[in-house]
There are 2 protein chains.
Amino acid sequence: MVRATEVRLPGVPPPRLQNPQLAREWEREAREKLNKPRPTTFNVARLRRFLEHDHHETRSALYELFRQPVFHLRYGMTLHEERQLTMDRWRVIHEAGFLRDTISNRTPEGRSKFMAIIESIGMLDHSLDIKMSVHYGLFGSAVALLGSDEQAQRWLPDIEACRMLGCFALTELGHGSNTRGIQTEARYDPKTQHFTIRTPCDEAQKYWIGGAAQSARWSVVFAQLFTDGKCHGIHPFLVRIRADDGTPAPSVTAADCGHKCGLNGIDNGILFFDDVRVPLDRLLARHAFVRPDGTYKSMFASSDARFGAALGALTAGRVSIAAGGINQAKIGLTIALRYALQRRAFGAPGSKKETLLMDYRAHQVRLLAPLATTLVMQVALNELKEMWYAQKDKRRLHVWSSGFKALMTWHMAETLQEAREACGGMGYKSENRIGPIKNEHDIAVTFEGDNKILLQAVAKAMLPEFIRGVRRAGHFKGHFAYLNERHALRALDVDAMDVRTPLFGRKIMQRREGALFARLLRVLERKRARGMSEFDAWNDSAILVEQAARAHTELVLTDLFWAKIDELAGGVDDDIAKVLRVCGALYVAQRIDVQPVFLRLRIISTDVAERVHNEVAELAAELKPHALDLVDSFGIPPHLLAPIAFDYVAHNSRARL
Amino acid sequence: MVRATEVRLPGVPPPRLQNPQLAREWEREAREKLNKPRPTTFNVARLRRFLEHDHHETRSALYELFRQPVFHLRYGMTLHEERQLTMDRWRVIHEAGFLRDTISNRTPEGRSKFMAIIESIGMLDHSLDIKMSVHYGLFGSAVALLGSDEQAQRWLPDIEACRMLGCFALTELGHGSNTRGIQTEARYDPKTQHFTIRTPCDEAQKYWIGGAAQSARWSVVFAQLFTDGKCHGIHPFLVRIRADDGTPAPSVTAADCGHKCGLNGIDNGILFFDDVRVPLDRLLARHAFVRPDGTYKSMFASSDARFGAALGALTAGRVSIAAGGINQAKIGLTIALRYALQRRAFGAPGSKKETLLMDYRAHQVRLLAPLATTLVMQVALNELKEMWYAQKDKRRLHVWSSGFKALMTWHMAETLQEAREACGGMGYKSENRIGPIKNEHDIAVTFEGDNKILLQAVAKAMLPEFIRGVRRAGHFKGHFAYLNERHALRALDVDAMDVRTPLFGRKIMQRREGALFARLLRVLERKRARGMSEFDAWNDSAILVEQAARAHTELVLTDLFWAKIDELAGGVDDDIAKVLRVCGALYVAQRIDVQPVFLRLRIISTDVAERVHNEVAELAAELKPHALDLVDSFGIPPHLLAPIAFDYVAHNSRARL
């Protein structure tokens with residue numbers, strides 16, 4: 001063999017990565033190719049503002065900032081380069097003042113602004129948005145919300161100014177999803193008035209802690225608190241884990257979780273504590289405190305309730321992860337659709353030009369059905385955001401954010417995969433973004449609550465409400481009130497209805513939800529009657545539980561969506577309502593078409609199923625002329641897109657080698 | 001802010017990657033944790049040989065070779081490191097003699113041995129298997145099969161000895177899937193007795209060519225051949241693209257396709273030809289040649305037929321990609337199932353130990369249904385391999401390999417995603433392999449024929465066979481012969497049948513296929529009657545076309561599977577047949593349960609659908625005690641698995657920091 005060591009791999013010029021200047025060039029070239037006269041039937045700018053929902057100026061300002069060289073998209077970095085780049089980018093955003101008062105402003109306005117910033121950053125760099133979510137959203141918020149007022153005042157200025165870089169040490173090797181089981185211990189000694197924090201076994205090592213491997217100097221550490229030998233449950237402590245110069249704090253051992261499939265700008269780490277001494281005033285004391293003599297006081301009746309309240313205070317995560325999912329789907333669809341509008345392949349025999357990808361039926365369905373879903377989810381998500389900003393109806397917030405996070409991140413994963421495949425090899429090339437963001441964001445489906453576990457939580461929360469209605473002899477209240485009309489519902493001849501109408505979608509979704517919860521209740525009762533424990537009966541019904549939760553969440557999504565469209569209709573945004581109506585109909589049709597549960601439970605007849613099936617392709621074809629306007633309404637600037645979103649031939653031309 | 005540039009990222013020890021020594025340690029530790037007494041009901045070693053099918057010694061020898069340090073799994077390399085590592089690994093395998101006579105041995109034995117080698121290498125490193133597939137399977141085979149005997153004899157020794165490193169320059173920027181449209185030109189000049197190869201426009205640049213960016217010195221270049229101004233269609237030429245020292249050949253310009261989401265060991269490149277002079281005898285002349293005076297002779301009546309034959313000779317690709325898909329699913333499932341057998345989370349209130357992941361219903365279904373599918377596909381694939389080795393029934397080989405490649409690579413992508421999610425964050429960690437192989441192999445769903453295009457080809461090939469049967473007044477021959485008994489078929493009361501029996505599955509699958517092809521024919525005729533062109537009618541029916549192709553392929557899969565199981569049953573391998581029967585039943589049940597088409601077309605009633613739905617979870621639970629034995633039967637050595645497949649706590653223990 002020509003020995004491989006002798007085979008010189010000669011240097012060849014690497015492809016140019018996108019940067020704002022190049023992006024502007026592309027945009028100019030693409031105009032002729034893509035922006036042919038098309039039947040723009042709605043105001044794209046107004047749809048953009050509607051979808052973006054809030055803080056338009058902040059979002060635009062960040063997109064402008066991303067023109068700076070430090071933000072140019074880069075691929076194939078080493079772990080170290082990627083981590084350093086994340087720190088560098090953070091610094092630039094920090095110094096530009098975007099994050100001033102981010103933690104201390106606890107108004108709806110403050111919350112929504114932080115969300116808008118995190119969302120915009122997530123359009124560019126997932127590591128960067130997680131880095132900041134960890135520092136401000138978890139570490140900082142823990143101090144603000146779990147610390148006493150005095151504690152918050154003492155530390156927040158340094159945290160907001162990034163003089164105290166922090167991490168959030170909750171999960172352990174042995175307990176990731178089930179954090180109630182963590183084993184780290186904090187024992188109070190009244191003599192020294194210190195806690196001693198200790199990792200009692202290998203499974204109790206803090207694991208996956210973002211920032212713990214290298215960058216964080218401080219940590220909020222969750223541990224089982226003991227005073228006088230008695231365990232009071234899980235409490236948060238502010239712990240120094242490194243000196244400012246990076247040397248480890250005494251008795252703290254840090255290690256690196258190592259390379260991941262994405263998110264390598266985050267230095268996830270491991271922490272072991274060997275009797276780390278922590279002064280009394282480092283127990284974050286809003287919900288419980290210890291007196292110097294060791295007396296323990298809690299504001300909650302049970303330690304479970306206290307831990308629930310502590311985590312509940314930090315729910316921003318699920319809402320912002322759901323938003324991130326939708327945003328990544330938008331990026332993938334924008335790139336794949338713009339490519340489909342210029343790329344040609346095969347064609348009728350004898351035709352001069354090959355056929356545009358976008359003119360293939362299969363391509364329309366594969367990209368426009370996810371586009372419709374994305375728009376429906378965005379509208380519904382904006383309603384959830386409102387609830388979260390206002391912090392109202394916390395129970396519903398918990399249920400909806402769980403369900404939305406699950407369905408929206410799964411939607412993201414499926415959509416990015418579809419977009420990747422729809423672009424063929426080009427979708428696999430890093431500079432075209434779809435592949436990289438697929439990897440960067442894949443973790444979203446399991447973190448801050450694995451999606452399957454979140455759906456279990458949705459069903460668990462809704463079932464008692466359903467049962468109360470059943471017990472009241474069918475007088476349902478709240479969400480299930482529609483079941484009071486179920487005789488009318490059954491009489492309603494959905495077979496004769498136009499499957500595009502909101503009413504059809506709502507009734508079908510309601511009937512599915514009602515049928516699944518009724519069945520779940522029946523199945524659980526039967527299993528318990530046969531002597532099964534509550535836990536076993538639930539576990540045994542897991543598939544049904546998941547379907548019920550999905551049914552609930554899809555119903556809520558469509559209800560929120562149609563309610564909002566009704567608001568728009570007839571007014572100045574009637575044009576927007578019109579195109580979104582097509583999206584809503586396609587979303588509903590596609591949901592029914594791909595899930596056998598509707599037929600299996602006889603919610604629909606095979607005739608209706610056939611009609612719905614045909615509508616999917618029809619509605620996708622109807623949406624085709626609006627595809628470019630719809631993705632333009634996402635408002636993603638060219639430098640956050642990819643070469644194939646513009647003139648892919650010009651980008652790859654000889655002249656540009 | 002503590003300026004990020006001032007934030008020293010202190011070094012921490014990186015986690016230890018698996019290597020054979022570590023892997024042996026884990027294996028020892030894991031034995032107690034996983035290999036508890038279990039009801040092993042079948043001979044695992046015999047099942048392994050059955051699934052592996054052939055060349056057991058070669059496969060084992062390669063797995064042994066992979067204990068050498070150069071083969072230790074590595075992550076987070078730079079592009080350059082990864083490419084160099086691929087070359088280094090290739091050299092070691094080459095020098096160990098595995099690839100002697102690989103191209104020149106054109107017997108079934110030779111073909112199956114090369115397949116076994118490529119498969120085994122693919123278990124370790126996808127770049128490496130593609131690197132070798134390109135050099136031997138595409139470049140070398142093109143010279144061997146498209147060159148004259150004299151040409152093959154002249155060059156094969158140097159190609160097999162790796163003194164001529166080659167690439168395969170077929171696809172262009174403008175033509176990836178539709179290679180018939182390539183635009184590179186080769187013009188013959190009788191005066192100089194040379195061809196001149198030229199890239200006429202940017203879209204004609206050779207693109208995605210594996211090896212072209214750096215490592216290849218030679219290339220088989222496909223170009224439109226012109227003599228005396230007349231175009232004869234696409235022909236292959238052997239072209240020097242670089243000197244042995246790596247400097248580019250005159251008039252050849254190479255560029256780098258750059259970073260990808262995976263497969264970065266392959267230096268995919270771009271080639272431009274500026275009137276490159278190629279001597280007359282470099283036209284690979286088995287199918288057509290040019291006399292010195294410029295007279296053109298072809299062995300085929302049409303240029304389309306010749307190009308078809310040329311590509312047909314190189315069909316190994318789809319079979320080996322299908323095999324690669326199944327193999328990666330095996331790796332992902334082995335890791336995820338072994339983790340599920342030791343990882344605990346949540347549990348009944350008051351129970352001492354948390355519940356094993358494997359004891360959760362949802363977890364059983366999410367992992368054991370794909371396991372059953374993997375086993376069914378492996379058995380069917382082995383039958384396809386036999387056909388390919390023997391090169392018999394080429395038409396069927398084309399249809400089956402297209403359908404299998406599509407369904408098996410999609411199965412891989414779905415299974416790896418499920419396995420990744422089933423392992424939570426651990427599945428996202430590179431050392432645990434699932435995430436990286438997901439990325440490395442994601443390209444499989446679109447290369448060597450995009451899956452959606454392959455399914456179109458399946459339907460297009462089968463429809464005429466169906467039509468012939470219809471025209472013969474219902475006397476179907478060959479594959480569709482079962483339709484001759486369709487009255488009997490309709491009379492057969494599937495509602496009363498045990499949904500676990502092979503007969504049930506076969507009948508349901510047949511009825512679906514028959515119904516879809518009948519509908520496709522009807523729909524196409526209706527559209528043509530309305531004046532649609534053939535092309536438009538087909539395009540308009542794309543969703544139906546895809547469903548018909550899927551129905552055909554799933555029927556073939558199950559038929560091949562059950563036929564093989566029947567052979568095993570009653571004999572020495574009856575124990576194997578028994579457990580595989582459960583897998584077959586689960587595969588069929590799961591296929592029916594997730595695809596609404598069976599209900600929509602009234603192939604099954606809602607009652608049957610309910611029974612099938614319940615069977616999925618029941619069968620998964622039945623398979624649970626065999627899960628570890630089944631994945632053991634894949635025979636994947638510990639050093640090709642991952643830390644979480646063994647004792648994940650011991651691996652992460654403090655003692656090993």
Side-chain angles (χ1 to χ4, degrees), chain A residues 1-2 4 7-10 12 14-15 75-76 79 87-88 90-91 94 162-163 173 176-178 202-203 208 213-214 246 254-256 258-261 345-346 348 361-362 421 424-425 428-430 435 443 445-446 452 535 539-540 542-543 596 599-600 602 606 609 617 649 652-654 657, chain B residues 1-2 4 7-10 12 14-15 75-76 79 87-88 90-91 94 162-163 173 176-178 202-203 208 213-214 246 254-256 258-261 345-346 348 361-362 421 424-425 428-430 435 443 445-446 452 535 539-540 542-543 596 599-600 602 606 609 617 649 652-654 657:
Chain A
M1 182 182 194
V2 177
V7 175
R8 267 186 48 218
L9 293 179
V12 281
Y75 304 105
L79 200 60
M87 296 302 290
D88 292 345
W90 182 5
R91 180 173 53 80
H94 175 80
C162 293
R163 286 185 296 267
L173 177 64
S177 294
N178 183 14
D202 280 325
E203 283 172 281
W208 282 130
Q214 297 185 298
D256 199 323
H259 194 268
K260 305 181 293 289
C261 315
F346 300 98
R361 271 277 154 144
E421 294 182 30
Y428 197 58
K429 205 174 172 179
S430 299
I443 192 63
V445 300
T446 54
K452 291 213 171 220
F535 180 84
N539 176 22
D540 214 45
I543 308 295
L599 278 161
R600 182 162 52 77
R602 302 188 208 196
T606 55
V649 178
N652 286 288
S653 68
R654 180 95 182 246
L657 268 191
Chain B
M1 183 182 192
V2 176
V7 175
R8 265 185 50 218
L9 293 178
V12 283
Y75 303 103
L79 201 61
M87 296 303 289
D88 292 344
W90 182 5
R91 180 172 55 79
H94 175 80
C162 294
R163 286 185 296 267
L173 177 62
S177 293
N178 183 15
D202 280 324
E203 282 172 282
W208 282 130
Q214 298 185 297
D256 199 321
H259 195 267
K260 306 182 292 290
C261 316
F346 300 97
R361 269 280 153 140
E421 294 182 29
Y428 197 59
K429 203 175 175 180
S430 299
I443 192 61
V445 300
T446 54
K452 292 215 169 216
F535 180 84
N539 176 21
D540 214 45
I543 307 297
L599 278 161
R600 183 162 50 78
R602 302 186 208 199
T606 54
V649 178
N652 285 289
S653 68
R654 179 95 186 244
L657 269 191

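Proteins get letters first, then strands, A, B, ... in listed order; numbering begins at 1 in each. Note that this is a predicted model, so its numbers are computed, not measured.
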- Closest non-hydrogen atoms of A255(B) and L657(A), given as atom of the first, atom of the second and distance, are CB-CD2, 3.4 Å
- Note on the structure: Counting heavy-atom pairs under 4.5 Å with chain B, the top scorer among N539(A), V445(A), L79(A), L599(A) is N539(A)
- Only counting residues at least two apart or in another chain, list the ones meeting side-chain hydrogen bond (donor to acceptor under 3.5 Å, both in side chains) with N652(A). Y207(B)
- Message: Can a donor-acceptor pair be found, under 3.5 Å and without considering hydrogens, that links the side chain of D540(B) to the backbone of R361(A)?
- Response: no
- Query: What residues, two or more places apart in sequence or in another chain, satisfy side-chain hydrogen bond (donor to acceptor under 3.5 Å, both in side chains) together with E203(B)?
  - Reply: none
- Task: Determine yes or no for a side-chain-to-main-chain donor-acceptor pair under 3.5 angstrom, with S430(A) supplying the side chain and H259(B) the backbone.
- Result: yes
- Query: Picking from A362(A), G435(A), A348(A), A617(A), which has the most non-hydrogen pairs under 4.5 angstrom with chain B?
  - Reply: A348(A)
- Picking from T446(A), D202(A), N178(A), which has the most non-hydrogen pairs under 4.5 angstrom with chain B? N178(A)
- Query: Considering only heavy atoms, which portion of I543(B) lies under 4.5 Å from any heavy atom of chain A: side chain, backbone, both, or neither?
  - Reply: side chain
- Query: Of all of A345(A), G425(A), G176(A), A542(A), which one pairs up most often with chain B through heavy atoms under 4.5 Å apart?
  - Reply: G425(A)
